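Written out below as structure tokens is the structure these notes cover.
Order of appearance sets the numbers: ligands from 1, and atoms from 1 within every ligand. Remember, it's a predicted structure, so these values are computed and weren't measured experimentally.
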Amino acid sequence: AVNDSEVTPFSVPSYACQRRSTLKNHNAVLTDSLSLLAENAELSDEDGRGVAFRRAAAVLKALPSAVTKMSQLKGLPCLGEHSLRVIKDILENGASSEVESTKESERFKALKVLTGIFGVGSKTADRWIREGIHNLQQLRDSGQTLNRAQQAGLEHYDDIKQPVSLAEAEAIRGIVGRAVASVSPEAQIVLTGGFRRGKLTGHDVDFLITHPEEGSEVGLMPKLVSWLESQGLLLYQKTTRNSYLEGSEGPGRPPSNIDRFERCLSIFKLSAGQTGRGVQSEETAASPSAAERRWRAVRVDLVVSPISQFAFALLGWTGSKLFERELRRWAGHEKGMSLSSHALYDNKQGRYIRASSEEEIFAHLGLEFIPPTERNA
Ligand code: CTP
Ligand code: MN
Ligand code: MN
Ligand code: MN
């Protein structure tokens with residue numbers, strides 16, 4: 001047996017954007033537990049606690065082997081008292097009592113189900129729970145007024161909660177590619193989000209669209225959406241126009257973290273024939289089987305960026321969410337810069353820093369380039 005003094009402690013840099021986080025995870029039991037507590041905190045509007053658990057989980061994801069002893073964690077960043085207690089519980093007892101009781105709690109289960117409806121956030125879910133609504137049937141029976149997004153979300157709940165496969169993402173890439181080509185032949189489209197990071201499944205499919213000639217991207221989104229609608233490909237869509245130059249931002253002002261690109265949150269109607277391997281939705285009492293319907297609903301996000309901001313948009317929409325948050329924290333705390341999905345701003349010099357590739361942005365931030373597949377923090 002190896003005694004404690006022979007256990008080599010791991011060493012990990014403190015910002016997730018300084019680390020290479022692949023999809024390989026040697027500590028899945030620990031990180032699943034911490035992620036569940038993060039999710040519970042986020043659903044309870046306790047974002048600070050949520051981030052703390054997310055950072056702790058990300059540190060464990062970055063380790064080269066499984067943690068077996070608490071002594072191995074000595075000196076690691078981002079592991080607070082609470083996270084260490086959870087880890088210790090799991091290493092010593094096989095499970096964390098806090099995680100188990102959270103998982104089984106009626107409130108957590110209800111929050112998960114209700115926020116699983118597209119268009120429903122934690123505040124709405126919390127209000128419904130206080131009114132005694134804990135599941136979809138109670139919601140349907142309650143006579144609550146639902147907005148258009150929530151109606152679509154409830155209608156397509158079973159499809160949307162079903163993970164999107166890479167084959168389905170590629171099929172949608174083909175469809176959106178043809179749509180873009182027909183409304184703006186020069187425009188370019190990139191798959192972003194989790195699929196760009198090499199994930200094999202996702203909760204949606206994310207695309208970034210741009211045009212090589214600055215300004216020619218204006219008006220592209222409405223044309224694209226009309227084309228898709230005319231083909232009967234959209235079950236729901238809501239387009240938000242670009243507001244980057246309208247608010248407090250724009251040239252001469254430091255950017256905020258919120259991005260203001262023209263975007264379209266949608267639900268696609270994906271036909272079985274389009275993926276070549278049939279739809280993957282499960283048969284349920286509430287909806288006809290995939291075989292009867294021959295299509296499934298898939299969440300798709302479309303974002304349009306001017307070419308001058310493309311590198312920032314690409315970096316910002318590739319994720320993971322924690323990796324993005326850590327990039328912005330690094331920029332602000334270590335470099336005196338503000339990073340958004342539109343721009344990089346040097347606070348001391350009072351000027352924007354241009355970049356035309358992700359590599360340039362990392363270089364401006366004084367960071368080693370981390371490729372998309374290693375941003376799975
Ligand atoms: N994003 C954003 N603003 C939003 C929503 C998302 O900037 N209002 C960014 C996120 O920071 C992330 C990317 O868009 O970098 C993709 O977000 P999302 O689809 O939610 O997550 P994925 O990483 O793609 O995970 P999944 O596979 O579950 O879709
Ligand atoms: Mn490894
Ligand atoms: Mn996504
Ligand atoms: Mn998305």
Can Arg299 and Asp301 be said to form a salt bridge (charged side-chain N to carboxylate O under 4.0 Å, His left out), step by step?
CA-CA 7 Å; Arg299 274 272 301 111; Asp301 287 338; 2.8 Å; yes
When rounded to the nearest 0.5 angstrom, what is the spacing between CD in Gln237 and CZ in Phe268?
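Answer for the CD-CZ pair, Gln237 versus Phe268, is 10.5 Å.
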To the nearest 0.5 Å, what is the distance between CZ on Arg19 and CD on Glu368?
13.5 Å
Just let me know how Thr192 lines up against ligand 1, side chain, backbone, both or neither, with a heavy-atom cut-off below 4.0 Å.
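Looking at Thr192 and ligand 1, no heavy atom falls under 4.0 Å.
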Please indicate whether any nitrogen or oxygen in [X] is less than 3.5 Å from any nitrogen or oxygen in ligand 1.
X: Asp301; value: no
X: Arg263; value: yes
X: Ser341; value: no

Heavy-atom distance to atom 26 (P) of ligand 1: which of Glu324, His203, Arg196 wins?
His203
Between the candidates Gly319, Gly316, Gly193, which shows the shortest non-hydrogen contact distance to atom 9 (C) of ligand 1?
Gly316
Out of all atoms in ligand 1, which are within 4.0 Å of some heavy atom of [X]? Include the element for each.
X: Arg197; answer: 23 (O)
X: Gly194; answer: 22 (P), 23 (O), 24 (O)
X: Asp204; answer: 19 (O), 29 (O)

Closer than 4.0 angstrom, basic N to acidic O: yes or no for Asp126 and Arg130?
yes
Any salt bridge between Glu106 and Lys109, counting N to O under 4.0 Å?
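The answer is yes: the pair qualifies as a salt bridge.
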Are Met221 and Val218 connected in a single hydrophobic cluster, I mean Ile/Leu/Val/Met/Phe/Trp/Tyr linked by side-chain heavy atoms less than 4.5 Å apart?
no
Could you name all protein N, O or S atoms found under 2.8 Å from the Mn ion (ligand 3)?
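For the Mn ion (ligand 3), the protein N, O and S atoms that sit under 2.8 Å away are Asp204 OD1, Asp206 OD2.
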Test side chain to side chain contact (heavy atoms under 4.5 Å, CB included) applied to Glu186 - qualifying residues, sequence neighbours left out
His211, Pro212
Quick one: is the NZ or CZ of Arg329 closer than 6.0 Å to the six-membered ring centre of Tyr15, and within 45° of its axis?
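Yes, Arg329 and Tyr15 form such a contact.
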Show the nearest heavy-atom pair for residues Thr22 and Glu374, with the distance to one decimal.
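In this case the closest contact between Thr22 and Glu374 is CG2-CG, 3.9 Å.
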Measure the acute angle between the ring planes of Phe369 and Phe362, then classify it against the limits of 30° and 60° as parallel, tilted or perpendicular.
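Judged by the thresholds at 30° and 60°, the geometry between Phe369 and Phe362 is perpendicular.
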